[in-house]
S.K.: 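One structure, pasted below without further comment.
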Amino acid sequence: MKKTIIALIYKYLDEFNSQREIDDKLEKSEKTILYGQESGLDSIGLANLIIKVEGAVYKTFKVQIDMTNENVFSLNENPFRTVNSLAEYIVSLINEKKDNGNYSSEE
Amino acid sequence: MENYIIRSATLNDVDFLVETIIEAEKGGSDILTYTTLFGLSEADAKIYIAKMLEEEVDGCDLSLSGFLIAERNREPAGALSGWIEGQEGVSSVMIKGNLLNYCLPKESILQASRLSKVFSELSNVNFIPGSLWLGPVYVTPKHRGSLVLAMLCHQHIKNAKNIYPEVKEVFCAIFSNNMASILNYKMLKFEVLKEYVATSPEVNKLLPSNKKVIMHKTI
């Protein structure tokens, strides 16, 4: 599941990069920073990433997730920090839904 | 998550809140309504906005008590205003109108009154009593892309529900040119409820956009 999610994030990065100059493109790596000052994503970029990846997760896994729910801000680790941490966070959100019986995977 | 502290604004924050209101009013454009409508220079607008905040009148988007500040390393990162509409039986439009009348020079009020016909179609926003409204928001460039608006918004909703458990909806009104705010609210599951469009060609000289978007979410 994590690999599929990383591919969904990379798909957004492709879209983001297609509108960027060569020096501003984001690397498609699990270590790529997505959050804060060190990130190449600004406020619009991060909001778009979240909206589009949530949509893609729904299409792929038939699960509606809310990445910016209020609980995320009380987590010790920042799930938006990198591609890898975001993918792990999305897996945990999907699994949470699965545990609550609100899941139908097409995988 | 990250080390942001969300707290209520105090009189010590007035300078940052003035910056917040000015930047939010511009919404990414060069048009400041305090200049175009009220005929004030930006420097004078700052003085009058500070004066209105210092009046500490509750219940509208210029209420000091309604602002939450996001702070990191003791430095303000962003601010967002919020209020419960018609809490004391008086609408936010009335409260703000009275505040502007009281604090701004008479000639500014007369000028704005003369010009108001140009954008009257944008003035029909239905501020539903008992709902939470979010107003001016600003995040400093250094802290953009850090979900500061999301943190502020969640805290406003939490505070509102703690004090007024009957609050069921949260709204915001944004000029359509302010894509950053619109996208950030969409990210927070706000939906566009209504759009108001001013048809006069003069409006683009006065306001950042001729279109105002009302977004809402059930809480």
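Chain letters run A, B, ... following the sequence lines, proteins first and then strands; every chain starts at 1. Quick caveat: nothing in here was measured; it's all calculated off a predicted structure.
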S.K.: Can you say whether A:Glu77 sits under 4.5 Å from chain B via the side chain, the backbone, both, or neither, judging by heavy atoms?
M.R.: backbone
S.K.: If you count every heavy atom of other residues, nucleotides or ligands that lies below 6.0 Å from A:Glu21 atom CD, does the total exceed 12?
M.R.: no
S.K.: Using non-hydrogen atoms and a 4.5 Å limit, figure out which bit of A:Thr68 sits close to chain B: side chain, backbone, both or neither.
M.R.: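 Both backbone and side chain of A:Thr68 come within 4.5 Å of chain B.
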S.K.: Counting only heavy atoms not in B:Asp30, do more than 12 sit closer than 6.0 Å to its CG atom?
M.R.: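 Atom CG in B:Asp30 is not crowded, with 12 or fewer foreign heavy atoms closer than 6.0 Å.
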S.K.: Can you tell me which portion of A:Leu75 sits under 4.5 Å from chain B's heavy atoms? Options are side chain, backbone, both or neither.
M.R.: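 It is the backbone, since no side chain atom gets that close.
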S.K.: What option among B:Met187, B:His143, B:Arg144, B:Lys186 has the most heavy-atom pairs under 4.5 Å with chain A?
M.R.: B:Met187
S.K.: Are more than 12 heavy atoms, taken from residues, nucleotides or ligands other than B:Asn124, located less than 6.0 Å from that residue's CG atom?
M.R.: yes
S.K.: If every non-hydrogen atom of A:Gln37 is compared with every non-hydrogen atom of B:Lys142, which pair is closest and at what distance?
M.R.: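 It is CG-O, 3.1 Å.
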S.K.: How about A:Lys2: does its NZ atom have over 12 heavy atoms from other parts shown lying under 6.0 Å from it?
M.R.: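 Atom NZ in A:Lys2 is crowded, with more than 12 foreign heavy atoms closer than 6.0 Å.
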S.K.: Can you tell me how far the CG atom of B:Asn184 sits from the CD1 atom of A:Ile51, to the nearest 0.5 Å?
M.R.: 8.0 Å
S.K.: Spell out the residues in residues 145-155 of chain B that have some non-hydrogen atom less than 4.5 Å away from a non-hydrogen atom of chain A, in order of number; otherwise answer 'none'.
M.R.: B:Gly145, B:Ser146, B:Leu147, B:Ala150, B:Met151, B:His154
S.K.: Would you indicate whether the side-chain heavy atoms of B:Val139 and A:Ser43 approach each other to under 4.5 Å?
M.R.: no
S.K.: With a strict 4.5 Å heavy-atom criterion, list every residue of residues 125-134 of chain B that contacts chain A, or say none.
M.R.: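 Result: none.
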S.K.: How would you list all residue pairs meeting side-chain hydrogen bond (donor to acceptor under 3.5 Å, both in side chains) that involve residues 48-60 of chain B, not counting sequence neighbours?
M.R.: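 Output for this query lists B:Asp58-B:Ser65.
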S.K.: To the nearest 0.5 Å, tell me how far B:Ile219 CD1 sits from A:Glu70 CD.
M.R.: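 Separation between the atoms: 10.5 Å.
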S.K.: Between A:Asp66, A:Val72, A:Leu34, which has the largest tally of heavy atom pairs under 4.5 Å with chain B?
M.R.: A:Asp66
S.K.: Report, by ascending residue number, the residues of residues 196-211 of chain B in heavy-atom contact with chain A at a distance under 4.5 Å; give 'none' if the set is empty.
M.R.: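 Within residues 196-211 of chain B, no residue comes under 4.5 Å of chain A, counting heavy atoms only.
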S.K.: Might you confirm whether atom NZ of B:Lys189 has over 12 heavy atoms from other residues, nucleotides or ligands at distances under 6.0 Å?
M.R.: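 Counting neighbours around NZ of B:Lys189, more than 12 heavy atoms of other residues, nucleotides or ligands fall under 6.0 Å, so yes.
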S.K.: Counting only non-hydrogen atoms closer than 4.5 Å, does A:Asn69 touch chain B with its backbone (N, CA, C, O), its side chain (CB onward), both, or neither?
M.R.: backbone
